[in-house]
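Accompanying notes for the structure given below.
Here is the naming used below: chain letters follow the sequence lines, and residue numbers restart at 1 for every chain.
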Amino acid sequence: MMARETPAGDLRLANLTKTFGAFTAVDDLSLTIPQGSFFALLGASGCGKTTTLRMIAGLEEPTSGQVLLGDRDIARLRPYKRPVNTVFQSYALFPHLDIFENVAFGLRRRGIRSVDQQVRQMLSLVQLDGYERRRPAQLSGGQQQRVALARALINHPQVLLLDEPLGALDLKLRRQMQIELKRIQTEVGITFVHVTHDQEEAMTMADTVAVMNAGRIEQLGPPAEIYEFPATAFVANFLGQSNLIAGEVTGGNGNDILVTAHGGRFSVPAARARTNRGPVHLGVRPEKLHLVAGAGQVPAGCQYLEGTISDASYVGVSTQYLLRTGWGTEVSVFVANSGAQQRFVPGNRAVAYWDPRHAFLLGRRAGDDDRTTPVLDEPVGASS
Amino acid sequence: MMARETPAGDLRLANLTKTFGAFTAVDDLSLTIPQGSFFALLGASGCGKTTTLRMIAGLEEPTSGQVLLGDRDIARLRPYKRPVNTVFQSYALFPHLDIFENVAFGLRRRGIRSVDQQVRQMLSLVQLDGYERRRPAQLSGGQQQRVALARALINHPQVLLLDEPLGALDLKLRRQMQIELKRIQTEVGITFVHVTHDQEEAMTMADTVAVMNAGRIEQLGPPAEIYEFPATAFVANFLGQSNLIAGEVTGGNGNDILVTAHGGRFSVPAARARTNRGPVHLGVRPEKLHLVAGAGQVPAGCQYLEGTISDASYVGVSTQYLLRTGWGTEVSVFVANSGAQQRFVPGNRAVAYWDPRHAFLLGRRAGDDDRTTPVLDEPVGASS
Amino acid sequence: MGVALLVLGYLFLPIAVVAALSFNRPSSRLSYDFNEFTLDNWRNPCATSDMCDAVLRSVQIGFISTVAATALGTLMAFALVRHRFRGRSGLNVLIFLPMATPELVMGTSLLALFVAGGVPLGFWTIVIAHVMFCVSFVVVTVKARLAGMDRRLEEAAMDLYASEWQTFRRITLPLVLPGIVAAALLAFSLSFDDFIITNFNSGTTVTFPMYVWGAAQRGIPPQVNVIGTAMFLVALLLVLASSLRGRQARRAAVTAAVPSPRASTRS
Amino acid sequence: MSALAHVPTGSGQSASPPPAARPGRHRLLPYLLLLPGAAWLFLFFAVPLLQLAAASLYDPDGSLSTGYALTWAFGNYPTALQAYWPQFGRSFLYAGIALVLALLMGYPLAYAIAQKAGRWKNLLLVCVIAPMFTSFLVRTLAWKTILSDNGWLVGLLRDVHLLGPDGRLLATPVAVVLGLTYNFLPFLVLPLYASLERLDYRLLEASSDLYASPLKTFRRVTLPVSMPGLIAGTLLFFIPATGDYINAELLGTPNQYMIGNVIDSAFLVRLDYPQGAALSFLLMSAILAVVFVYLRRAGTEEVL
Amino acid sequence: GCGTKGAQQTEAGCVSEDLSGTEKKLAFSNWPQYMDVDEDNNAKRPSLDGFVSKTGIQVTYTEDVNDNNEFFGKVQNQLAACQSTGRDVMVLTDWMAARMIRLGWLQKLDKAKLPNVEANLLPSLRNRPFDVDNHLAVPWQSGLAGLAYNGRVTSEIRTVDELLTRPDLKGKVTALTEMRDTMGLLLMSNGHNPSDFTANQFDDALNKLKKAVSSGQIRRFTGNDYAPDLAKGDIAACIGWSGDIVQLGFDDEQIKFVVPESGATLWSDNMLVPNRATHKANAEELINYYYDPAVAAQLAAYVNYICPVQGAQAEMEKIDPELAANPLIFPDEAMLSKARVFMALDEKQEREYETKFQQVIGA
Ligand SMILES: Nc1ncnc2c1ncn2[C@@H]1O[C@H](COP(=O)(O)OP(=O)(O)OP(=O)(O)O)[C@@H](O)[C@H]1O
Ligand SMILES: Nc1ncnc2c1ncn2[C@@H]1O[C@H](COP(=O)(O)OP(=O)(O)OP(=O)(O)O)[C@@H](O)[C@H]1O
Ligand SMILES: [Mg+2]
Ligand SMILES: [Mg+2]
């Protein structure tokens with residue numbers, strides 16, 4: 001039925017487009033996912049991630065473009081002929097079958113007789129031993145999601161598509177499942193295409209991360225690279241948070257680019273600049289900012305902003321501060337709760353400093369102002 | 001139909017129990033949620049969170065126990081008579097109605113004629129302007145979830161039950177929605193009961209967090225309190241991560257309790273100990289551990305472990321290290337990527353130190369060994 | 001639920017009369033009143049051998065036509081719900097019309113066709129006729145179920161290596177089954193109970209309704225009531241037995257005690 | 001009736017259009033699925049019906065012994081209609097009233113079976129259909145016994161003065177409508193059951209959570225979601241009930257005769273084939289017209 | 001050619017083959033419960049079994065005649081096309097027999113093979129207008145259509161006019177859908193002769209009926225189903241058939257049959273051999289067998305209609321003297337003199353009268 005044994009080769013999407021009526025869900029998407037790699041797809045809600053996966057699985061016919069597995073164009077192959085399995089975002093468990101039969105489904109369809117052991121093993125992997133004979137309706141949300149996971153994993157396909165496979169699980173279980181997924185992926189050499197909203201998940205598990213926006217890929221690369229040096233303001237604020245300060249390039253001295261923003265003068269290494277002229281955003285990640293009480297405490301070679309603490313919010317691992325600058329915008333600062341740091345309370349004056357080597361420079365449309373990831377006390381309303 | 005105008009008072013669950021056949025999903029649950037507070041319910045998948053919410057909403061009849069709103073026992077009130085709305089984990093959008101009508105449903109049922117403005121406002125709040133006339137099946141997963149949210153929010157009930165209302169949203173949108181939720185909650189004074197797997201969400205939004213385990217509440221209190229001083233090993237590892245080192249209490253000197261573990265001697269302030277005798281777990285959170293190259297660099301008054309770095313994983317904001325100790329277990333250490341820290345690579349010898357005031361002491365069943373939240377390279381299998 | 005029980009009562013009312021009369025020793029062949037209690041009718045249910053033959057024949061015809069009509073109708077329903085194709089509207093009229101056509105008209109015109117084609121009348125012409133008028137009912141019933149079935153489940157099956165046929169067999173069919181069962185029940189009752197069309201196309205074959213109809217001309221033998229009651233009871237017992245067996249099997253299989261789903265939901 | 005498939009109800013996926021035809025043999029698939037059934041209907045229904053269509057245009061002066069000539073006598077139609085319009089009206093009236101009654105009874109029943117019956121579902125389902133296994137005539141005779149002038153029911157109604165001392169049920173429109181309701185009720189219940197069985201109880205929960213009383217939940221959620229079944233059921237009930245004549249004959253009097261009785265007599269007693277055929281086609285087109293109006297009103301985007 | 005050909009057949013145009021010589025078989029279609037059945041074993045039909053054992057001819061007996069019109073509908077296509085209906089003998093009422101004779105659909109019987117019929121057929125059933133030579137239709141049973149009433153519910157009635165006008169019977173009266181039976185009685189009540197009447201006379205009679213219908217005097221027009229209603233008392237009086245009333249009378253002597261003073265209609269059901277039946281000789285043997293008085297008595301004892309066989313009464317004395325004395329089974333001269341057979345109608349008359357009649361009875 002399908003050549004499961006021969007390695008499939010890389011998964012390539014070539015100019016893949018999908019429109020629903022006048023609406024373009026996936027827009028001329030091209031990318032290559034090397035065989036056996038772990039590929040994470042990130043993007044805002046409704047940007048076309050599920051649609052992309054569905055086209056790879058054969059459940060949605062591309063409006064145009066190709067899906068290639070190795071050299072084979074599989075875009076017109078029936079779903080059951082593709083060595084591809086999916087963990088569906090909506091689970092799509094078979095309501096009339098019990099959990100055991102749900103998980104055994106793929107094996108049975110491939111004519112495998114003795115599925116018992118494999119199924120039990122898989123159920124115990126997702127920690128659902130003893131639930132074999134329940135119906136999906138008798139499970140909690142997270143349990144259902146785990147069944148969906150087991151049902152796809154058991155088939156050891158060449159490409160596994162995971163559409164938020166762990167979204168309904170608590171952190172602890174999610175970590176355990178991540179470990180399992182990673183283990184299976186490296187052991188068996190399956191190509192994973194993983195949609196997730198959990199950034200940490202994407203960062204730790206993926207070889208390559210692609211950030212999608214409105215049907216297109218905005219940036220693609222190893223997670224650390226994307227995080228450390230985002231290509232666009234969207235990526236900078238979508239993957240983690242960034243403080244983007246609106247400024248203008250005023251010159252450069254070979255290695256550094258000089259930027260004026262809100263009257264202050266800053267510099268960024270040329271290697272960390274996406275542009276070297278015109279209006280720019282000077283970006284610094286909140287965890288790269290350090291808080292001290294006064295400018296005097298700023299180490300040499302660092303640059304800084306002064307302001308008033310407007311909010312402090314405790315999130316366990318760290319405390320997130322907001323520093324209101326002289327020109328009214330707020331800057332976000334993360335301070336790890338490692339026990340050693342000084343505590344600030346709203347109203348305190350403070351200085352946030354950073355090492356210029358941790359800043360980055362992005363092009364800016366004239367008119368755009370500062371951008372900071374919003375925080376809890378500041379309503380945002382409808383603008384995205 | 002219902003007294004929406006009079007304040008409802010606190011929501012109290014008294015000895016609430018729900019069994020499905022022989023299986024007890026919620027086990028003698030009692031708690032009080034003050035009016036207008038933001039209450040977060042955390043717990044492992046399948047521990048009974050959804051079931052609890054369903055009993056509050058009136059969709060599941062308690063096997064025994066009471067649900068009181070103010071002084072009124074509403075446990076036997078029909079769902080539509082309760083001033084309670086729910087954002088369902090499964091969304092439960094009406095497939096035959098378009099988005100607009102889905103959101104308008106509650107208002108219309110209460111006989112409100114001119115819903116137009118309110119609905120549009122709510123849709124723009126969840127960033128779905130222009131989607132009014134679509135059917136739920138034509139939306140992405142996250143968009144559907146936002147409709148479910150809007151559909152419940154628009155009613156401004158006295159109690160709003162949110163069952164993972166933001167689980168399918170990307171981080172950025174999730175933050176924005178969190179802000180909205182928090183704003184609505186404080187403005188209107190609704191009591192929120194919020195189930196979430198996003199710890200940061202629980203920590204930042206909630207006034208009170210309850211950690212559920214197998215149908216029972218394990219610990220309940222303000223988020224920082226629970227995080228800093230967990231009551232049980234389950235909570236310590238469920239909310240955030242903890243390194244729990246198995247040891248024995250060997251004595252105490254009034255203010256401090258002395259513990260011997262794996263040959264080392266440690267101390268913990270008595271105020272941070274849940275027990276003062278017998279087998280214990282000495283707990284330290286990974287972010288409270290600091291890595292240095294040698295014992296010489298450990299500040300005075302701090303305690304430390306020595307070992308070998310066995311894993312370093314980059315997660316953007318921070319890097320997570322694993323330190324393999326002399327006795328073979330691993331300790332997790334988070335180091336913020338603030339740019340100032342020293343980098344370690346696997347194989348390096350290192351010392352992890354902490355301030356005893358950041359440690360805590362929990363009772364331990366004899367026989368239990370160290371516990372660390374698992375990390376990616378270490379398969380865990382079926383044991384939970 | 002209360003209303004439902006009342007309605008069931010309404011449905012059973014005549015059956016109760018029939019059941020009572022099955023224990024009747026009628027005062028004369030023409031009387032349809034309760035006269036005297038007797039078990040004779042039940043002891044000797046075949047008033048005449050003809051009657052039992054007729055019942056048997058009706059059951060056979062019912063089964064064959066039900067299977068055939070259900071199969072044909074289900075296929076058509078699938079095509080109509082799942083595919084766009086040319087000639088759809090014409091086909092829909094074709095499916096609709098038999099229901100709107102007086103039975104007499106169908107009976108006579110079909111007879112004319114058989115006579116013109118020189119087809120000998122009998123068992124199989126009855127089957128042909130029954131399949132013909134049952135198909136429409138099956139199509140409409142199955143379509144009602146099929147409309148709005150969750151396509152995602154079929155997609156999931158396909159994704160899990162189930163070919164079109166397997167998807168149909170393992171997922172679609174079980175999910176549409178309540179509709180198909182309803183349609184089959186409808187078809188069987190239509191076939192089993194049909195008199196007019198059957199009468200025209202039966203040749204010298206006699207089915208149970210034909211027998212009853214004829215018997216009614218000269219007074220109904222009480223055994224007809226026995227057969228009526230028995231058919232009713234047999235149907236109930238078959239279902240009861242199968243559902244009890246299913247329950248036992250399920251019990252045996254369940255290791256952990258698992259209750260029935262949403263046992264406690266109210267409406 | 002493809003309309004049914006596109007009633008904007010049912011669970012989500014139905015709203016999306018059917019997938020585009022796949023290449024190769026899959027384009028043929030619908031035709032393959034349709035072929036056996038359509039061929040059957042064509043051969044054994046449409047072809048004979050054509051013959052009947054011709055018969056409706058025969059010279060009305062023909063006779064059995066001399067034969068009929070096809071004179072395109074369209075006049076047969078107005079003649080027939082003029083002579084028998086009261087029976088036409090009565091057919092639709094009775095079937096309509098019976099339909100309303102049947103809906104009032106059948107919907108709760110179908111709902112209870114689909115949603116409340118649990119594992120007794122199949123048993124109850126068969127309970128609905130099993131009365132049909134006792135012969136039609138036997139059932140109707142049983143009704144005659146129940147409704148008999150000297151029966152307990154009439155006695156009871158007379159005692160509570162719902163019926164005058166000389167009042168009766170048998171041989172009145174009431175009995176005919178009752179008979180129609182009874183005999184076609186399963187046709188309504190079964191498709192309804194089939195579509196209600198699929199109703200996701202979570203939607204009902206969501207509705208009651210959003211302040212809809214059971215009645216409003218029914219009106220706003222249950223009813224629209226079960227629309228395909230409701231439409232199918234009403235059609236399966238209404239169409240045969242309109243053409244029925246046996247209930248009128250056995251439970252009514254000549255003053256209750258419906259169009260079916262007339263057609264019956266035209267074909268069998270009076271041997272006026274052109275008129276019988278014309279009446280049949282009038283009936284069919286009237287029913288189709290009513291059905292299409294109904295389907296449009298029911299909110300289907302596409303009729304046929 | 002469009003349209004249909006005439007259904008009329010001629011002896012020369014539609015020739016039937018007789019295979020009786022080689023096939024000892026016979027297909028016999030009759031009305032239900034029109035054949036004696038063994039009290040103890042319902043599967044046995046003594047008189048028919050007697051025929052089988054006597055002649056060795058295997059009879060396929062089918063009770064598939066429920067209604068003349070319906071049955072006509074069933075077989076007309078075949079007979080019109082000169083095809084076999086699969087039946088060798090069928091029993092139909094006289095007027096239907098007349099129609100079939102008119103259409104040329106029946107085979108002539110060989111009188112030489114019917115000595116019993118020649119000898120024993122009741123005189124009043126000989127030389128009927130539609131079969132003057134007695135070679136196409138031989139009565140199986142016959143009966144009277146007259147008045148019947150339930151003495152528990154109403155007082156005796158004697159005339160048709162009483163039935164149609166007496167106020168205490170309002171809404172409790174039924175008449176027969178069989179036009180010849182109902183109209184025969186009405187014609188006679190007007191003093192006309194149903195064996196020979198004019199269109200005007202028919203209209204007069206029909207008007208009388210119409211009045212009774214619109215006044216609500218007549219509740220329904222029925223087939224046989226009036227009998228249980230009469231027994232129950234739902235209807236008080238009706239136009240009915242003698243055989244039914246005899247049966248009802250067995251257990252309720254208050255139910256009585258009345259031959260109206262103006263006269264009753266005499267009808268008969270006849271054995272007919274249709275065209276293309278392939279066992280005519282076997283059929284003749286059967287017909288002849290049933291005209292043996294002993295066999296006829298056996299049959300009459302069960303069926304209770306008027307026995308058309310002379311001499312059966314004497315045989316009946318041996319079986320059941322009470323039945324032998326029943327004038328509704330073995331009518332006396334006085335009664336038979338009041339009985340009339342409805343006249344044979346041609347096709348046009350038949351259509352015209354039926355249409356008028358049907359309009360009055362509602363369809
Ligand atoms: N109808 C039912 N029949 C039997 N067991 C059930 C039923 N509904 C839920 N359960 C069981 O009850 C337990 C609690 O379910 P619940 O839905 O409350 O979990 P939860 O805490 O919401 O989990 P999750 O985070 O995965 O959604 C689960 O183990 C589940 O399997
Ligand atoms: N059947 C459809 N008809 C019309 N529009 C559709 C349909 N399915 C999806 N869309 C639209 O296409 C866009 C992409 O949908 P998709 O499901 O791929 O999003 P996604 O990236 O998976 O989002 P999420 O993270 O919320 O699941 C969405 O805006 C959605 O509204
Ligand atoms: Mg998605
Ligand atoms: Mg849940």
Between T204(B) and Y314(A), what is the shortest heavy-atom contact and its length?
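Distance-wise, the nearest heavy atoms are CG2-O, 4.2 Å.
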
Option in M177(A), E164(A), Q121(A), K49(A) with maximal non-hydrogen atom pairs under 4.5 Å from chain B:
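Maximum pair count with chain B is reached by E164(A).
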
With chain B as the partner, which of P223(A), A224(A), P286(A), G167(A) has the greatest number of non-hydrogen pairs under 4.5 Å?
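It is A224(A).
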
What is the distance from atom CG of L239(A) to atom CG of D170(B), rounded to the nearest 0.5 Å?
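Reported value, rounded in 0.5 Å steps: 11.0 Å.
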
Look up atom CG in N337(B) and atom NE2 in H358(A), then write down how far apart they are to the nearest 0.5 Å.
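One gets 8.5 Å once the value is rounded to the nearest 0.5 Å.
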
I'd like to know if the side chain of H197(B) reaches the main chain of L171(A), judged simply by a donor and an acceptor atom lying under 3.5 Å from each other, with no hydrogens or angles considered.
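Absent.
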
Contact class of F23(A) relative to chain B, heavy atoms under 4.5 angstrom
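For F23(A), the contact with chain B is made by the side chain alone.
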
With a 4.5 angstrom heavy-atom cut-off, is it the side chain or the backbone of S45(A) that approaches chain B, or both, or neither?
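Contact with chain B involves both backbone and side-chain atoms of S45(A).
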
Below 4.5 Å, heavy-atom pairs only: which of [options] has the largest tally toward chain A?
options                            : value
S318(B), P299(B), G46(B), A168(B)  : A168(B)
L169(B), T51(B), L173(B)           : L169(B)
R285(B), R146(B), R357(B), R174(B) : R146(B)

Can you confirm whether Q89(B) sits close enough to Q144(A) that some side-chain heavy atom of one is under 4.5 Å from a side-chain heavy atom of the other?
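No, every pair of side-chain atoms sits at 4.5 Å or beyond.
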
Taking the side chain as C-beta and beyond, is there a heavy-atom pair between Q199(B) and K172(A) under 4.5 Å?
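Of all side-chain heavy-atom pairs linking K172(A) with Q199(B), none is under 4.5 Å.
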
Lys NZ or Arg CZ of R134(B) over F20(A) ring: under 6.0 Å, within 45°:
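Negative - R134(B) is either too far from the ring of F20(A) or too far off its axis.
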
